[in-house]
Protein chains: 2
Amino acid sequence: MISLAEENYLKALFNLAGQRGEVNVTELSKQLGIKMPTVTSMMKKLAEKKLVYYESYKPLRLTEKGKKEAALVIRKHRLTEMFLVEKMGLGWEDVHEIAEEVEHIRSTAFFDKMDELLGFPRIDPHGSSIPDKNGKFASIPYDKLCDCRVGETVKLSAVIHSSSEFLKFLTNRAIRLGIRMKIRSVEPFDGSMVIGYDNRQETLSRTVCERLLVEKGK
Amino acid sequence: MISLAEENYLKALFNLAGQRGEVNVTELSKQLGIKMPTVTSMMKKLAEKKLVYYESYKPLRLTEKGKKEAALVIRKHRLTEMFLVEKMGLGWEDVHEIAEEVEHIRSTAFFDKMDELLGFPRIDPHGSSIPDKNGKFASIPYDKLCDCRVGETVKLSAVIHSSSEFLKFLTNRAIRLGIRMKIRSVEPFDGSMVIGYDNRQETLSRTVCERLLVEKGK
DNA sequence: ATATTTTGTTAGATCATCCTAACATTATAG
DNA sequence: CTATAATGTTAGGATGATCTAACAAAATAT
């Protein structure tokens, strides 16, 4: 049995693990707001449960089992967020916090029902992939907006690591999932882009463009 | 701040407190499946928080503050059950267990939204009263079926302490909220009643009749 | 009215999760 | 290539919620 605390560690590990799948104790500690010694001892416990690979002074990695468990928590989180937004009419800014609690509910029937009512979506309201019942992510080949070229027209399909500030930023500019954007120009100096959409035009910083995932030729 | 464990004690105290509002340590211990010494020490803690009146060897009583907090948990539980049944299409038998977890979610917005989507019901799918945001129960003057007299016709409006076995029992006999029942006879020996409804007739034990809440003259 | 049973409390332990302070290792910068 | 900084671990302690064993009070039964 995986406790609520353990689930939070697994989820954080999953979210922090980049391409290499490695995470520092310091990073994890900051992400969770939990002091490093506590993290270390929890890593030992998770290692005993075969959920993480842990060796002193080495970076942390999830085992396959750990990845699956993390994915199942993420599934519950994302289904909840989507359900709250789409079926209950709550605001994007409110749902994350609620989902942080709901994601720990044991009943799979509850989440499977949400899944069904939502029509088995593979993408959540933030544009992130929703793992299936087995913890598998559907791989959807997105490109970062910042990797596109001037003149391309693309469809905004997902948003990375959305904080509520970021979501407000996007909302304020009427940037939402599904819109077509045309890249009018790129500033070589700082990588900011001028984007046209919906009869309007905005300059987006590199930081923003790295977080907007698009599909080309759509 | 009231912890999850504390909320469970308050809820159990509320549910066990009858007319007199008093509960034994033994009863509470059995209800929660927690050993008596643990209950005693929790009572001391809740007394410090002004949620219960506690004196050694005396029955336990909730304070007004304790009643309010308990009512708020019960509100969340009942709204959840109703939402799961009415809006998500889950079965009555499944929802109790899920609601036991959901009821501890902090966000009041979440439950207020359920309330709104359900049309601000004051009665839940089990026929129990749903407290409002301030922890107030709408007083609905029900009578127990067993307190009615032969010949009376009454409307079934609520069901007390519904276990899934009890709900199945009722379903099997097509006894559901809203039906009119006529009391055909009462057995003085054991208090069982013969009831007519929907062109059928059933004998209900005293135990069952104590759990069926009805409105007279309706 | 005393003995027995039931009920409730105290004392002391365990387990999970967290903490701080001190120490150890690894990485980095002169 | 050492000195310093950053990162990670160990040791020991706190808190919340639980337990068992032993004791105390209250209720009950003969």
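The figures that follow rest on heavy atoms only: side chains count, while hydrogens, waters and symmetry mates do not. Here the structure is a predicted model, which means the values were calculated and not measured. Below, chains carry the letters A, B, ... as their sequence lines are ordered, and counting in each starts from 1.
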field: Test side-chain hydrogen bond (donor to acceptor under 3.5 Å, both in side chains) applied to A:E187 and A:S192, step by step
entry: CA-CA 5 Å; A:E187 174 55 54; A:S192 63; 5.6 Å; no

message: Between A:Y54 and D:dT9, is there a contact of a side-chain N or O with OP1 or OP2 at under 4.0 Å?
response: yes

- request: Please work out which of the three classes, parallel, tilted or perpendicular, describes the rings of A:F14 and A:F137, given edges at 30° and 60°.
  value: parallel

task: Decide salt bridge (charged side-chain N to carboxylate O under 4.0 Å, His left out) for B:E103 and B:R75; before the verdict, give the C-alpha distance in whole Å, the side-chain angles of both, and the deciding distance to 0.1 Å.
output: CA-CA 8 Å; B:E103 73 191 8; B:R75 167 182 164 77; over 6 Å; no

- prompt: How many Å lie between CD on B:E55 and P on D:dA25, as a whole number?
  reply: 16 Å

message: So does B:N134 get a backbone contact from the side chain of B:D132, meaning a donor-acceptor N/O pair under 3.5 Å?
response: yes

Stacked cation flag A:R122 on A:F120, 6.0 angstrom / 45 deg: no

Contact under 4.0 Å: B:K58 side-chain N or O vs D:dA25 OP1/OP2: no

Rounded interatomic separation in angstrom, taking CE from B:M1 and P from D:dG16: 14 Å

- prompt: Quick one: B:L32 CG to D:dT18 P, roughly how many Å, whole number?
  reply: 8 Å

field: N/O (side chain, A:N24) to phosphate O (OP1/OP2, D:dT7) under 4.0 Å
entry: no

- prompt: Is the shortest distance from a Lys or Arg side-chain nitrogen in B:E7 or B:R106 to a carboxylate oxygen in the other one below 4.0 Å?
  reply: yes

field: Distance in angstrom units between B:L46 CG and D:dT18 C1', rounded
entry: 15 Å

statement: Letter by letter from the 5' end, nucleotides 18-26 of chain C scores (B base, S sugar-phosphate only, - none; protein heavy atoms under 4.0 Å) BBBB--BSS

query: Thinking salt bridges, do B:K76 and B:D112 make one under a 4.0 Å N-O criterion?
result: no

- prompt: Could you state the CG-P distance from A:L28 to D:dT9, rounded to the nearest angstrom?
  reply: 11 Å

message: Within the 4.0 Å heavy-atom criterion, would you say B:K30 contacts the bases, only the backbone, or no part of the nucleic acid?
response: nothing

task: Please state how far atom NZ in A:K49 lies from atom P in C:dC15, giving the value in whole angstrom units.
output: 14 Å

B:T40 side chain near C:dT9 phosphate (N/O to OP1/OP2, under 4.0 Å): yes

